[in-house]
Protein chains: 2
Amino acid sequence: MPKAEAKPERKTRIQSQNEQIILDAALEVFSAYGYRGGTIDQIAARCGLSKPNLLYYFRRKDDIYEAVLERTLADWLEPLRTLDPAADPVGELSRYITAKLDMTFERPAASRLFANEILHGAPHIGKFLQGPLRELVEAKALVIRRWVAEGRLHPIEPTHFIFAIWAVTQHYADFAVQVEAIAGTPDRARVRRAVLDILLGGIAANPPA
Amino acid sequence: MPKAEAKPERKTRIQSQNEQIILDAALEVFSAYGYRGGTIDQIAARCGLSKPNLLYYFRRKDDIYEAVLERTLADWLEPLRTLDPAADPVGELSRYITAKLDMTFERPAASRLFANEILHGAPHIGKFLQGPLRELVEAKALVIRRWVAEGRLHPIEPTHFIFAIWAVTQHYADFAVQVEAIAGTPDRARVRRAVLDILLGGIAANPPA
DNA sequence: ATAAATCTTGATCAAATGGTCAAGTGCGGA
DNA sequence: TCCGCACTTGACCATTTGATCAAGATTTAT
């Protein structure tokens with residue numbers, strides 16, 4: 001057996017550097033054109049590497065796509081994970097919605113990448129949806145359910161409320177062209193206020209005047 | 001000049017029949033795989049026609065795509081168009097949301113087709129967004145604004161409220177795999193109640209207990 | 001019935017695209 | 001300095017895919 005020291009995979013400076021460059025370019029390309037629509041040539045051109053060179057770091061197109069997906073999955077979940085059961089419900093949800101909205105405006109490409117992946121049946125992250133994501137949502141739904149039981153929130157369906165938060169916030173990234181066409185370039189502060197109003201207006205235990 | 005009787009375009013029985021068959025198949029294919037991801041071969045296979053035959057009715061792939069988009073655009077707008085300024089605001093909005101949700105569950109493929117088109121910058125329906133859609137939304141936003149002015153609704157941003165309705169309802173079609181992975185196959189009546197609760201809970205002039 | 005128009009398709013083409021390879025270039029440690 | 005290994009690339013290949021065409025089959029109108 002030859003020196004099969006495969007796993008450790010120490011990375012060269014050039015290697016990790018180029019991988020990041022490639023994944024940055026891949027995010028832009030795949031989010032703009034979809035998995036099938038984005039080409040290796042486009043990615044290579046965008047980051048100034050030759051196609052074979054790009055395939056030296058990621059052997060298949062699929063590998064690039066999965067890598068760029070994985071790289072952003074964790075960040076995507078993070079805001080939800082921080083929901084604090086002990087804190088004020090409306091305050092916590094407000095914070096979560098704001099954080100999600102901030103990501104939407106700061107990283108629209110990432111949002112569109114996920115949207116495209118899920119829209120087409122989540123062929124690459126099906127396991128993730130049924131595993132970690134599902135568990136996290138169930139855990140946080142429990143938190144919300146407890147808030148309701150304690151009379152601190154209007155009775156709502158926690159899971160669907162979370163869906164609504166996702167839908168409304170990501171809308172401003174995924175459907176940005178439509179939003180722009182109808183309402184012009186949106187003012188972030190105004191959007192934030194409007195979204196909080198709509199999503200939280202009806203759930204406070206003591207609704208505002 | 002040869003007999004240039006081009007415009008009238010009387011359609012044969014076979015012609016209009018096959019065109020419908022093709023567009024039905026194209027809707028399924030394009031909504032599942034996107035414009036770039038769907039192939040003429042797939043569409044041809046799905047509707048049992050040969051590829052050249054399909055290209056006899058639609059000369060380019062683009063023509064098929066645009067035709068299937070156009071065919072559903074009108075239906076998509078219809079529910080919003082019926083918002084009645086004279087009727088009860090919450091009742092009207094409730095009806096609209098319900099109608100939109102029904103379309104989501106009855107025609108998820110159409111929803112996904114639009115989502116994909118807009119997600120990728122609406123290259124084919126940009127004009128539609130800036131024209132008819134924008135005008136309709138502005139008109140209906142005015143209706144909602146009047147309701148607010150008359151004290152019949154909590155003050156909300158009409159345009160963003162409409163965005164929220166679209167986002168939340170279409171979410172159940174566009175992100176169906178995610179919804180399914182997290183909450184299982186959704187019960188329509190339950191979804192309807194949850195969505196109405198979330199979107200309308202905070203807007204009634206006299207909020208429910 | 002029959003001619004004209006419409007419809008259908010196997011064969012084929014050119015371009016795009018994912019991926020390979022052998023041959024170079026240059027960096028980094030002994 | 002110099003050797004080995006990581007890196008880079010032009011040329012090339014095979015497949016997919018949008019599109020064409022000429023020839024044949026079927027429908028329709030007279």
Side-chain angles (χ1 to χ4, degrees), chain A residues 2-26 28-30 32-69 120 123-124, chain B residues 2-30 32-69 116 120 123-124:
Chain A
K3 49 169 182 173
E5 195 189 335
K7 287 302 171 189
E9 255 190 60
R10 268 169 62 194
K11 292 196 178 176
T12 305
R13 180 181 52 84
I14 297 180
Q15 188 172 21
S16 46
Q17 179 181 309
N18 278 347
E19 281 179 0
Q20 292 310 311
I21 292 176
I22 293 170
L23 293 184
D24 287 344
E28 293 304 318
V29 170
F30 284 135
Y33 305 101
Y35 173 68
R36 191 73 169 6
T39 71
I40 300 181
D41 287 282
Q42 278 178 311
I43 299 172
R46 175 173 270 268
C47 62
L49 299 180
S50 67
K51 180 163 66 169
N53 197 11
L54 199 152
L55 287 166
Y56 169 77
Y57 291 105
F58 298 91
R59 296 185 57 180
R60 292 184 269 169
K61 182 187 183 184
D62 220 75
D63 294 338
I64 308 175
Y65 183 70
E66 283 186 358
V68 67
L69 260 182
H120 295 359
H124 295 81
Chain B
K3 51 168 183 174
E5 196 189 334
K7 286 302 168 189
E9 257 192 60
R10 267 170 61 196
K11 293 198 177 176
T12 305
R13 179 179 51 84
I14 296 181
Q15 189 173 20
S16 48
Q17 178 181 310
N18 277 347
E19 280 179 1
Q20 291 310 312
I21 291 176
I22 292 170
L23 293 183
D24 288 343
L27 174 61
E28 293 303 316
V29 170
F30 284 135
Y33 304 100
Y35 172 69
R36 191 71 168 7
T39 70
I40 300 181
D41 287 282
Q42 279 178 310
I43 300 172
R46 175 174 268 267
C47 62
L49 299 180
S50 67
K51 182 162 64 170
N53 196 12
L54 198 153
L55 286 166
Y56 169 77
Y57 291 104
F58 298 91
R59 293 184 59 180
R60 291 185 268 168
K61 181 187 183 183
D62 220 74
D63 293 340
I64 309 175
Y65 183 72
E66 283 185 358
V68 67
L69 260 182
N116 191 71
H120 294 66
H124 295 82

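Just so it is clear: chains get the letters A, B, ... in the order the sequence lines come, proteins before strands, and each one is counted from 1. Just so you know, these numbers come straight off a predicted model, no measurement behind them.
B:Glu66 is linked by a salt bridge (charged side-chain N to carboxylate O under 4.0 Å, His left out) to nothing, counting only residues two or more places apart in sequence or in another chain. Applying the salt bridge (charged side-chain N to carboxylate O under 4.0 Å, His left out) test to B:Lys51 and every residue at least two apart in sequence or in another chain returns B:Asp41. Residues satisfying the salt bridge (charged side-chain N to carboxylate O under 4.0 Å, His left out) criterion with A:Asp62, sequence neighbours excluded, are absent altogether. The side chain to side chain donor-acceptor pair (under 3.5 Å) check on A:Gln17 picks up nothing, with sequence neighbours excluded.
Proximity of B:Tyr56 to the phosphate of C:dC7: a side-chain N or O atom is located under 4.0 Å from OP1 or OP2. For B:Asn18, a side-chain nitrogen or oxygen approaches OP1 or OP2 of C:dT8 to under 4.0 Å. Phosphate contact (OP1/OP2 of C:dC7, side-chain N/O of B:Asn53, threshold under 4.0 Å): absent. Dashed line: the shortest gap from a side-chain N or O of B:Tyr57 to OP1 or OP2 of C:dT6 is not under 4.0 Å.
Rounded to an integer number of Å, the gap from A:Tyr65 OH to C:dG19 C1' is 20 Å. In this structure, A:Gln17 atom CD and D:dA6 atom P are separated by 17 Å, rounded to whole Å. The CD-P distance, from A:Gln15 to D:dC5, rounds to 16 Å in whole Å. The interatomic distance linking A:Phe58 (CZ) with D:dC7 (C1') rounds to 15 Å, in whole Å.
Screening residues 34-67 of chain B for ring pair (Phe, Tyr, Trp, His ring centres under 6.0 Å), with sequence neighbours left out, gives B:Phe30-B:Tyr35, B:Phe30-B:Tyr65, B:Tyr35-B:Tyr65, B:Tyr35-B:His124, B:Tyr65-B:His124.
Taken to the nearest 0.5 Å, the CG atom of B:Leu49 stands 6.0 Å off from the CG atom of B:Leu54.
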Reading nucleotides 15-28 of chain D from 5' to 3' and marking B where a protein heavy atom lies under 4.0 Å of the base, S where only the sugar-phosphate is that close, and - otherwise, the string is --SBBBB-----SS
